[in-house]
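This one's a predicted model, so the numbers in the text were calculated from it and none came from an experiment.
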2 protein chains.
Amino acid sequence: MNELLDYFKQTISISSEIENKLSEVIKEKTFVKGEIILSDNSIKKEHIFVASGCLRSFYKTENGKEYTIQFAINNWWISDYMTLYSDAKSSISIESLTPSKVFILDKNNVDKLYKEHPAFEAFQRKNFEKRIAILQKRILSLLTLSASEKYDQFLKDYSDFEKIIPNYQIASYLGITPQSLSRIRKERIRN
Amino acid sequence: MNELLDYFKQTISISSEIENKLSEVIKEKTFVKGEIILSDNSIKKEHIFVASGCLRSFYKTENGKEYTIQFAINNWWISDYMTLYSDAKSSISIESLTPSKVFILDKNNVDKLYKEHPAFEAFQRKNFEKRIAILQKRILSLLTLSASEKYDQFLKDYSDFEKIIPNYQIASYLGITPQSLSRIRKERIRN
DNA sequence: CACAAAAATGAATCTATGGTAATAAATTAA
DNA sequence: TTAATTTATTACCATAGATTCATTTTTGTG
């Protein structure tokens, strides 16, 4: 059972020839809760597809503070886009918040895939368009919203799995402290 | 003289047949300083390429506050990505900060282009990768940096044309008030 | 279960940045 | 050039959210 192939097949038709090739380059891995999938000193250029479980990508400052870039569940991609697509050396880690199963694709293999199968390129181009819109929206949120409003937005955007994620990580996604988030939550219970 | 064609030709080879087709769908427009290129109630889905001058895209809240999403000069793209690529109705405007010359491509025409000429799709896919890395980087800046540090980053990222942009717009890009920016600048002169 | 570790909450300051308002400087228009 | 308008600066007070530190609650493990 390969959820990634299923995911592709939802949108593009895949010949058995392509399917075989894909199966060769897709690496399936499973992780336990808390396990690190990609560490911040890695130079690996990989695309990560989540089949099950919940993952988180985050940046860690010199003094140990963590900032969450993204959460991801079933059928989401999560990767270190700065390492993948720019020369900026980033220090992003990806960890598994729950037991998880992921499929990992090496950048080189994906690049080959684009060349050999234009349908993948089109597929990915559309994916990227969606991602750009999402990132843009997040930037606007960060610019315009208060802590409480950002939390609202988060609850809406991640309603599917908000409950799995510890509050201190939600706070690190919103750019606020766990204490602030706690205060906001308290306020809400009152009202 | 069509700078957009030159821009394409830097990366992909363009037959005279494609060139003709492109010339048909590329609309050249010039704007004076302060002119609005795309207004926030427009539903137009357009890609905008800057040939000369400096443009700015921004979001305006109900109470009139402006938040700058992006600046763009020569050979940059600037568009309302949320309108282009998601159903989220956004209220983004694009204005010309200087006299400018731009090329406008309708979304439909671009989509056709992808279908008919895979090289464009590949080209755009790579563009999008870069853009994703840039947006990711901005999100990290907004999450981790102080006002002063964000200003530093801005001066680095936009060093080419920092001087053209009024400070109150820089402030709106950083997510701070003009007064705060002024304070930061004063500090720097002192030191 | 019981203990240890991690996470969440709470309360008391502190501080960076916001808001307001007045003035000065710069730009634009006449 | 001058007047009008826009932008930038300054100062003073207000406040959202940070920081610090203690306490409680939850989660994980032998």
Establish, with yes or no, whether the OP1 or OP2 oxygen of [N] is under 4.0 angstrom from a side-chain nitrogen or oxygen of [X].
| X | N | answer |
| --- | --- | --- |
| A/R185 | C/dT9 | yes |
| A/S180 | D/dA18 | yes |
| A/T177 | D/dA18 | yes |

Determine the interplanar angle of the A/F120 and A/F123 rings, folded into 0 to 90°, and report it as parallel if under 30°, tilted if 30 to 60°, perpendicular if over 60°.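 Rings of A/F120 and A/F123: perpendicular, over 60°.
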Can you list, by residue number, the residues of residues 167-175 of chain A that have a non-hydrogen atom closer than 4.0 angstrom to DNA chain C?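 Within this stretch, A/N167, A/Y168 sit under 4.0 Å of the strand.
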Got a salt bridge between [X] and [Y], using NZ or NE/NH1/NH2 to carboxylate O under 4.0 Å?
| X | Y | answer |
| --- | --- | --- |
| B/E187 | B/R183 | no |
| A/K107 | A/D111 | yes |
| B/K27 | B/D106 | no |
| B/E116 | B/K112 | no |
| B/D80 | B/K45 | no |
| B/R56 | B/E66 | yes |

In whole angstrom, give the distance that lies between atom [atom1] of [X] and atom [atom2] of [N].
| X | N | atom1 | atom2 | answer |
| --- | --- | --- | --- | --- |
| B/L97 | D/dT6 | CG | P | 16 Å |
| A/E187 | C/dA8 | CD | P | 19 Å |
| B/I189 | D/dT9 | CD1 | P | 7 Å |
| B/I184 | C/dT17 | CD1 | P | 6 Å |
| A/L181 | D/dT19 | CG | P | 15 Å |
| A/I165 | C/dA7 | CD1 | P | 14 Å |
| B/I176 | C/dT17 | CD1 | C1' | 9 Å |

List the steps, then state whether side chain to side chain donor-acceptor pair (under 3.5 Å) holds for A/S148 with A/R188. CA-CA 10 Å; A/S148 177; A/R188 289 175 185 216; 2.8 Å; yes
Verify side chain to side chain donor-acceptor pair (under 3.5 Å) between A/R131 and A/Y81, making sure each step is shown before the conclusion. CA-CA 11 Å; A/R131 185 168 295 275; A/Y81 299 99; 3.0 Å; yes
Please encode protein proximity along nucleotides 22-30 of chain C as a string of B, S and -, counting only heavy-atom distances under 4.0 Å. ------S--
Report the nucleotide, chosen from C/dA7, D/dA8, C/dT9, that has the shortest atom-to-atom distance to any side-chain atom of B/P166. D/dA8
Does the pair B/R138 and B/S141 meet the rule for a side chain to side chain donor-acceptor pair (under 3.5 Å), with working shown? CA-CA 5 Å; B/R138 175 128 184 249; B/S141 296; over 6 Å; no
Any N or O donor-acceptor pair under 3.5 Å from the base of C/dG10 to the side chain of A/R183? no
Examine B/Y173 together with B/Y158 and report whether their ring centres are nearer than 6.0 Å.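 Centroid distance B/Y173-B/Y158: below 6.0 Å, so yes.
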Within residues 135-162 of chain B, which residues have any heavy atom lying less than 4.0 Å from an atom of DNA chain D?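 When residues 135-162 of chain B is checked for heavy atoms under 4.0 Å from DNA chain D, there are no hits whatsoever.
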Does atom NZ of A/K115 have more than 12 heavy-atom neighbours, drawn from other residues, nucleotides or ligands, at distances under 6.0 Å? no
